[in-house]
Amino acid sequence: MNRFSALGLSFATLFVTLAAPISLQTLPSGTVTLETAEAIATSSLINVSGQIGPEHEKTLSSGRTMRMALHSFWGRSGQSITISLTSQDFNTVVALIDANTTEVIDIQSDPTSNNSSLQITLPTDGPYLVGVTSPSPQPAGNYRLLVTARN
């Protein structure tokens, strides 16, 4: 503790250095100050490597069938999330669905790419579903899904 006291640091400031990025600044007077930067925290809500195939076939109310793998997470109103879906095996479509109403909140696809990405601010607290599918009628293969939230 004495070594830190020589710099004017205490246990509390040492603890802050572990929690946030810092820098030491020397003022013209020779005083050393500690500046903390705001850390941008992200957390992983879903991080999965999956596979889509015949076991993911769903029948829609229209009678049409499609393959869709579903993954769930709990979200907060105002929470900013990023959804990234990649596959080397099929063109991807990612859909964000309100699990309470089954209403599609947003959907993204790029017919020229096997990657889909969606950034959105969640409208309400509650459960959400992320649907993994493809524009092709019977997608099959491996995918990687990552959903992160900025806190």
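One-based numbering along the sequence shown. Bear in mind the structure is a predicted one, so any value in this text is a computation, not a measurement.
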Note to self: Distance check, rounded to the nearest 0.5 Å: Tyr128 atom OH versus Ser72 atom OG?
What the structure shows: 13.0 Å
Notebook entry, point to check: Given Leu145 and Val130, is the side chain to side chain contact (heavy atoms under 4.5 Å, CB included) satisfied, shown in steps?
Noted result: CA-CA 9 Å; Leu145 175 65; Val130 177; 3.9 Å; yes
Item checked: Side-chain donor/acceptor of Arg150 to backbone N/O of Ser80, under 3.5 Å -> no
Check: Which pair of heavy atoms, one from Arg144 and one from Asn47, lies closest together, and at what distance?
Finding: NH2-OD1, 2.6 Å
Next item on the list: Could you tell me the separation between the NE2 atom of His71 and the CG atom of Leu85, rounded to the nearest 0.5 Å?
Entry: 8.5 Å
Notebook entry, point to check: What heavy-atom pair brings Glu57 and Gln138 nearest, and what distance separates the two atoms?
Noted result: OE1-NE2, 4.2 Å
Next item on the list: Start with the C-alpha distance between Leu45 and Ile81, add both sets of side-chain angles, then the distance that settles side chain to side chain contact (heavy atoms under 4.5 Å, CB included), and finish with yes or no.
Entry: CA-CA 9 Å; Leu45 301 173; Ile81 65 162; 4.0 Å; yes
Checklist line | Atom pair CD1 (Ile46) and CD1 (Ile83), whose distance is rounded to the nearest 0.5 Å | finding: 7.5 Å
Note to self: Using only atom types and a distance under 3.5 Å, with no angle test, would you say the side chain of Asp89 pairs donor to acceptor with the backbone of Asn142?
What the structure shows: yes
Next item on the list: Write down the atom of Ser117, the atom of Ser84, and the distance for their closest heavy-atom approach.
Entry: OG-OG, 4.2 Å
Next item on the list: May I ask you to check whether over 12 heavy atoms, not counting those of Gln88, lie within 6.0 Å of atom CD?
Entry: no
Item checked: Side-chain donor/acceptor of Thr133 to backbone N/O of Arg67, under 3.5 Å -> yes
Next item on the list: Return the minimal non-hydrogen interatomic distance between Gly63 and Thr59, and the atom names on each side.
Entry: O-CG2, 4.0 Å
Notebook entry, point to check: Are Leu122 and Phe73 close enough that some pair of their side-chain heavy atoms sits under 4.5 Å apart?
Noted result: yes
Next item on the list: Flag yes if Leu146 and Met68 sit in one hydrophobic cluster, no otherwise; membership is Ile, Leu, Val, Met, Phe, Trp, Tyr, and two members link when side-chain heavy atoms are under 4.5 Å apart.
Entry: no
Check: How close do Ala69 and Ile52 get, heavy atom to heavy atom, and via which atoms?
Finding: N-CD1, 3.8 Å
Margin query: Between Val147 and Ser44, is there a side-chain heavy-atom distance shorter than 4.5 Å?
Written below: no
Notebook entry, point to check: Is there a donor-acceptor contact under 3.5 Å from the side chain of Asn115 to the main chain of Thr86?
Noted result: no
Side-chain polar contacts of residues 90-99 - donor-acceptor pairs under 3.5 angstrom, sequence neighbours left out - could you list them?
residue, atom, partner, partner atom, Å
Asn91, ND2, Pro111, O, 3.1
Thr92, OG1, Asn114, O, 3.3
Thr92, OG1, Ser116, N, 3.3
Thr92, OG1, Ser116, OG, 2.7
Asp98, OD1, Asn100, N, 2.8
Asp98, OD1, Thr101, N, 3.4

